[in-house]
Amino acid sequence: MSTRRIDTYRLELRKTGVMKTDALVYLHERMTAESEALNQLRDAASIDPGAIVVGTPDIHVGYGVPIGSVLGTEEFISPAAVGYDINCGMRLMLTPMGADDFPVERVADAIRRDLPLGEGKSNPALSLGGSALERVLARGVSGLLSVARSNAEIGRILDPERMEADLSKIEDEGCLQADPGVMSQKAKNRGASQLGTLGGGNHFVEIQRVDRVEDRRAARALGINEGQVVVMIHTGSRGLGHQVASEHMRIAVDCAARRGLTMPNKQLAYVPADSVEGRDYLNAMGCAANFAFVNRQVIAALVRNAVARVLARSLGMPTLYDVSHNIVKFERHGGRRLYVHRKGATRAYPASMMRNTVFDKLGQPVLIPGSMGTASYVLLGTESASESLYSVNHGAGRVMSRTAAAGKVRRRDGKILKPGMISDKRFEQTMKDVYLLCEDPHTIKEEAPDAYKDVDLVVDTVVGAGLAKVVARMVPLAVLKG
DNA sequence: ATGTGC
């Protein structure tokens, strides 16, 4: 057999057919993965003989490459192995308050007033002019800091001092190598009006209560206490990143064809990293990644302002950490330099890989959200995760498709074409303890807790395999979604 | 994920 179970947590996909190397999947023996997702991972193992190919416990089918994959390559890069939502990621912010004293619903209502939810939304209050946008694309959060310092109106919303304090708590300090000069005007235009918007799908802002601390020492070092209110943000680079991804996936198909590179399917098109097409993608992807870091920074400010308005005082609300889910970066692993694509996967560096950061003793914080009705986790990277290029999953992973969960509804007359698998009653039951604000009540069941895997079992797999250790578990109090 | 469609 080409698939071999190694232990309770690991599955090996042995080199067969188009594969140039083995692939490793972290999958608990009590869990299953779509065979199509595993085939996509096999395809991804065909592009570079020196590649490291890993599937995470939430692996599922994506465009060309599965969501929940890590692909470390020596020579080639693939826009599909990053995906459409470039630098989609998570941020966790702390409050000094316990859940019993916190006006959860009023704060959620206040956030909603300032934060546009759902697809296609723009935020006129934060619309950026050309040169401000260029600064943000080229320099990420530090670019935003300089915009906030030179523009009084934006500075009032963003609070530059608090932003500066956040910098060391963001992966790569919120800035990747990037060149706005390689971006299309169309991509820039889509971004200019979308800063400070949440987006749709699985993106969210969630007010949570720390339910359980599992590592007291680490929790103390991070400022986490049982019963405390925290806020989690999940969003990405919006239409700008989508535009960059689609343009470069098309360029990659043409470039690969011109160079006679073969691939199992066109969705997986790849290009030499050291080529015009490769460098342009990395520079454009960097811009989109910077835009996403900045978007989470802006939303953090909107949340802080909403909280301060309701409580009539600022709570500070420092950032615990901000991580990327969809990105490719040139990293050193052992003696090798690899282009590490993480698609629906989180970097989880141990302390030894966090030199020159504030986490050099502790390791990198890792944020894993569950579904909107279930727990989320804070973990820390460990030294034993070299096998996954120090990477873990990014969430619970779906067990049913969006249409299977919510059903398909004909828009014109409202007639149901195909009923969803989750009844309204069951949905309300699973959400009874959570205050839900959403833009579109007709599609929200796509995100129902029952549509996702059991996040506790997914995290058990990560811990059991030695990829990270749990610091704390949080439960949702209120959630805002597109 | 996405002004969700070549």
Side-chain angles (χ1 to χ4, degrees), chain A residues 37 40 58-69 78-90 116-124 127 183-205 233-251 253-254 266-267 269 284-285 287-289 291-293 295-296 299 323-328 341-346 369 371-372 393-398 401-403 405-406 408-412 417 438-440 442-444 446-447 451-452 480-482:
Chain A
Q40 287 186 321
D58 59 342
I59 188 168
H60 53 286
V61 173
Y63 181 87
V65 174
I67 298 156
S69 63
S78 170
V82 173
Y84 278 102
D85 192 3
I86 294 168
N87 192 8
C88 176
M90 311 290 317
L117 311 175
E119 287 168 15
K121 291 288 169 27
S122 54
N123 189 341
S127 164
M183 276 182 83
S184 69
Q185 195 54 48
K186 194 173 177 185
K188 288 177 185 170
N189 290 346
R190 286 183 73 172
S193 59
Q194 286 192 322
L195 195 60
T197 63
L198 186 71
N202 61 5
H203 290 169
F204 64 79
V205 171
I233 297 166
H234 179 206
T235 187
S237 50
R238 310 284 292 107
L240 182 146
H242 189 273
Q243 189 65 35
V244 168
S246 17
E247 287 171 11
H248 283 271
M249 285 182 198
R250 200 167 41 237
I251 290 168
V253 172
D254 296 344
K266 281 193 174 180
Q267 293 186 348
M285 192 273 320
C287 288
F291 186 82
F293 280 131
N295 197 30
R296 290 194 288 278
I299 292 175
V323 286
S324 171
H325 282 164
N326 291 354
I327 210 157
V328 54
H341 307 65
R342 294 190 179 86
K343 180 177 187 180
T346 306
S371 73
M372 63 184 182
N393 58 304
H394 79 313
R398 298 193 76 89
S401 71
R402 293 183 171 277
T403 49
K408 211 175 172 65
V409 177
R410 190 199 298 271
R411 289 204 174 217
R412 279 186 195 156
L417 297 176
C438 65
E439 184 66 16
D440 185 358
H442 296 296
T443 55
I444 192 65
E446 295 180 357
E447 287 292 310
Y452 282 86
L480 294 93
K481 289 193 69 101

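In the text below, chain A, chain B and the rest are named by the order of the sequence lines, each starting its count at 1.
- At the heavy-atom level, A:G200 lies under 4.0 Å from the strands shown only through sugar-phosphate atoms.
- If you check every strand for non-hydrogen atoms under 4.0 Å, A:G199 touches sugar and phosphate atoms only.
- In this structure, A:R402 reaches the sugar-phosphate backbone alone: every heavy-atom distance under 4.0 Å involves primed, P, OP1 or OP2 atoms, never a base.
- Remark: C1' of B:dA1 and CZ of A:R398 are 12 Å apart, rounded to the nearest angstrom.
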Show me the donor-acceptor pairs, under 3.5 Å and distance only, between side chains in residues 59-67 of chain A and residues at least two apart or in other chains.
{"unit_1": "A:H60", "atom_1": "ND1", "unit_2": "A:D58", "atom_2": "O", "d": "2.7"}

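- The CE-C1' distance, from A:M249 to B:dT2, rounds to 11 Å in whole Å.
- Sequence order on DNA chain B of the closest nucleotides to A:E119 and A:D85 puts A:D85 first from the 5' end.
- Here A:R238 reaches the OP1 or OP2 of B:dT2: one of its side-chain N or O atoms lies under 4.0 Å away.
- The structure places CG of A:D85 at 11.0 Å from CD1 of A:I327, a figure rounded to the nearest 0.5 Å.
- Every residue was checked against the ring pair (Phe, Tyr, Trp, His ring centres under 6.0 Å) condition with A:H341, not counting sequence neighbours, and none meets it.
- Backbone-only engagement by A:G201 is indicated by non-hydrogen atom pairs under 4.0 Å involving sugar-phosphate atoms exclusively.
- If you check every strand for non-hydrogen atoms under 4.0 Å, A:K186 touches a base.
- The distance between atom CZ of A:R296 and atom C1' of B:dA1, rounded to the nearest whole Å, is 13 Å.
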Under the salt bridge (Lys or Arg N to Asp or Glu O under 4.0 Å) criterion, do A:E439 and A:K121 qualify, and how do the steps go?
CA-CA 11 Å; A:E439 184 66 16; A:K121 291 288 169 27; 2.9 Å; yes
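- When rounded to the nearest whole Å, the span between CZ of A:R250 and C1' of B:dC6 equals 10 Å.
- Atom CG of A:D440 and atom P of B:dT4 are 15 Å apart (whole Å).
- Atom-to-atom, NE2 of A:H248 to P of B:dT2 comes out at 19 Å; the value is rounded to the nearest Å.
- Rounded to whole angstrom, the span from the CG atom of A:N295 across to the C1' atom of B:dA1 amounts to 13 Å.
- Side chains of A:N87 and A:S324: a donor-acceptor N/O pair is present below 3.5 angstrom, by distance only.
- At the phosphate of B:dA1, neither OP1 nor OP2 sits under 4.0 Å from any side-chain N or O atom of A:N326.
- One can place CG of A:N202 at 12 Å from C1' of B:dT2, the figure rounded to the nearest angstrom.
- The residue A:G83 sits apart from the nucleic acid: no heavy atom pair falls under 4.0 Å.
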